[in-house]
J.: 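First, the structure itself, so that you have it in front of you.
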Amino acid sequence: MQTDIDPRSLIGRKAFDRNGAKIGTVDEVYLDDATGVPEWAAVRTGLFGRDAFVPLEPSEVDGEVLRVPFDRSLIKEAPDFGVGRHLSPEQELKLYHHYGLDVSLPGDFHLPPPENH
């Protein structure tokens, strides 16, 4: 995605999937903790829907819309972490895996041990 765009200007834009189907409206933008670069957008998927997180890289701003290069069904199945809160590294990792994106983690990053049930 263009890195020179103001993340606040993304809020309120309509978002479309790779086939041109409307996903919803950008509700919030999440910045990378280390770089401050816009990394994720929360897209409100319907009147009574939820916010689905979409990666801003490799998405593109095209005029007044955000084009997300994934199928609408994959986007709607993205993990739901709620909006208005900080995304933890673990949550971001789950999102990267959901979208099949490569992620490079800081050397000091460690996943928490699995819970015993």
Side-chain angles (χ1 to χ4, degrees):
M1 191 184 98
Q2 302 162 234
T3 56
D4 60 339
I5 194 162
D6 180 352
R8 293 171 296 201
S9 73
L10 292 173
I11 296 172
R13 288 183 192 249
K14 302 294 181 206
F16 294 85
D17 77 354
R18 71 179 183 187
N19 300 313
K22 183 179 174 191
I23 304 163
T25 304
V26 177
D27 212 14
E28 290 192 39
V29 175
Y30 292 77
L31 308 179
D32 180 270
D33 287 342
T35 65
V37 173
E39 189 169 20
W40 299 96
V43 176
R44 175 67 53 170
T45 60
L47 184 60
F48 299 106
R50 64 178 184 91
D51 282 85
F53 287 91
V54 298
L56 290 173
E57 178 66 42
S59 298
E60 295 181 351
V61 174
D62 182 10
E64 293 299 312
V65 303
L66 178 67
R67 300 215 180 269
V68 183
F70 299 99
D71 285 329
R72 185 177 181 201
S73 60
L74 181 68
I75 294 164
K76 287 194 169 204
E77 294 169 1
D80 185 2
F81 300 120
V83 294
R85 289 182 241 131
H86 180 265
L87 284 175
S88 72
E90 293 84 3
Q91 290 170 325
E92 284 191 70
L93 186 60
K94 287 180 183 177
L95 287 167
Y96 277 112
H97 283 257
H98 176 77
Y99 288 106
L101 298 171
D102 288 332
V103 60
S104 56
L105 298 171
D108 60 350
F109 177 83
H110 298 285
L111 284 174
E115 294 178 16
N116 293 329
H117 294 285

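Start at 1 with the first residue, then count along the sequence.
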J.: Would you give the length of the straight line joining atom CZ of Arg85 to atom CD of Glu28, rounded to the nearest 0.5 angstrom?
T.: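 Arg85 atom CZ to Glu28 atom CD measures 10.0 Å (nearest 0.5 Å).
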J.: For the hydrophobic clusters of this structure (ILVMFWY residues joined by side-chain heavy atoms under 4.5 Å, transitively), does one cluster hold both Phe70 and Val43?
T.: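 Yes, Phe70 connects to Val43 through the hydrophobic network.
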J.: Quick one: CG on Asp33 to NE2 on His86, what's the gap to the nearest 0.5 Å?
T.: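 If we round to the nearest 0.5 Å, Asp33:CG and His86:NE2 are 3.0 Å apart.
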J.: Kindly compute the distance separating OG1 (Thr45) from NZ (Lys76), expressed to the nearest 0.5 Å.
T.: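 If I round to the nearest 0.5 Å, the distance is 5.0 Å.
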J.: Please report the closest heavy-atom contact between Val54 and Leu66, naming both atoms and the distance.
T.: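 Smallest interatomic distance, heavy atoms only, reads CG2-CD2, 4.5 Å.
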J.: With a 3.5 Å distance limit and no angle check, can you tell me whether Asp6 reaches the backbone of Arg8 through a side-chain donor-acceptor pair?
T.: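 Flag set: sc Asp6 to bb Arg8 pair under 3.5 Å.
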J.: Main chain of Asn19, side chain of Asp17: is a donor-acceptor contact present, judged purely on distance under 3.5 Å?
T.: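 Checking the backbone N and O of Asn19 against the side chain of Asp17, a donor-acceptor pair under 3.5 Å is found.
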J.: Nearest 0.5 Å, what's the CD1-CZ distance between Ile75 and Phe53?
T.: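 It is 13.5 Å, given to the nearest 0.5 Å.
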J.: Arg13 vs Val61, test: side-chain contact (heavy atoms from CB on, under 4.5 Å). Steps then yes/no.
T.: CA-CA 9 Å; Arg13 288 183 192 249; Val61 174; 3.3 Å; yes
J.: Identify the heavy atoms of Ala42 and Tyr30 that sit nearest to each other, and give their distance.
T.: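 Closest heavy-atom pair between Ala42 and Tyr30: CB-CE1, 4.1 Å.
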J.: At what distance, to the nearest 0.5 angstrom, does CD of Glu90 lie from CG of Leu95?
T.: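 The distance works out to 12.0 Å.
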J.: For the residue pair Arg18 and Asp71, what are the closest heavy atoms and their distance?
T.: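 Closest approach of Arg18 to Asp71, heavy atoms only: NE-OD1, 3.1 Å.
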J.: Would you kindly confirm whether Val68 and Val65 end up in one hydrophobic cluster when ILVMFWY residues are joined by side chain heavy atoms under 4.5 Å apart?
T.: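 They do not share one cluster, since no chain of ILVMFWY contacts under 4.5 Å joins Val68 to Val65.
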J.: Assess the residue pair Phe16 and Asp62 against the criterion (side-chain contact (heavy atoms from CB on, under 4.5 Å)); give the C-alpha distance rounded to whole Å, side-chain angles, the decisive distance to 0.1 Å, and a yes or no.
T.: CA-CA 10 Å; Phe16 294 85; Asp62 182 10; over 6 Å; no
J.: Once rounded to the nearest 0.5 Å, what's the spacing between atom NE2 of His98 and atom CG of Leu74?
T.: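 The distance works out to 3.5 Å.
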J.: How far apart are the closest heavy atoms of Leu31 and Pro7, and which atoms are they?
T.: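 Closest approach of Leu31 to Pro7: CD2-CG, 3.9 Å.
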J.: Examine distances only and state if a side-chain atom of Arg50 and a backbone atom of Gly82 form a donor-acceptor pair shorter than 3.5 Å.
T.: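 Judged by distance alone, no pair lies under 3.5 Å.
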J.: Give me the atom names and distance for the closest heavy-atom approach of Val26 to Leu10.
T.: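 Looking at all heavy atoms of both residues, the shortest contact is CB-O, 3.3 Å.
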J.: If we ignore hydrogens and angles and just use 3.5 Å, is the side chain of Tyr99 paired with the main-chain N or O of Lys94 as donor and acceptor?
T.: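 Flag not set: sc Tyr99 to bb Lys94 has no pair under 3.5 Å.
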J.: What heavy-atom pair brings Ala41 and Leu56 nearest, and what distance separates the two atoms?
T.: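 Shortest heavy-atom contact: CB-CD2, 3.8 Å.
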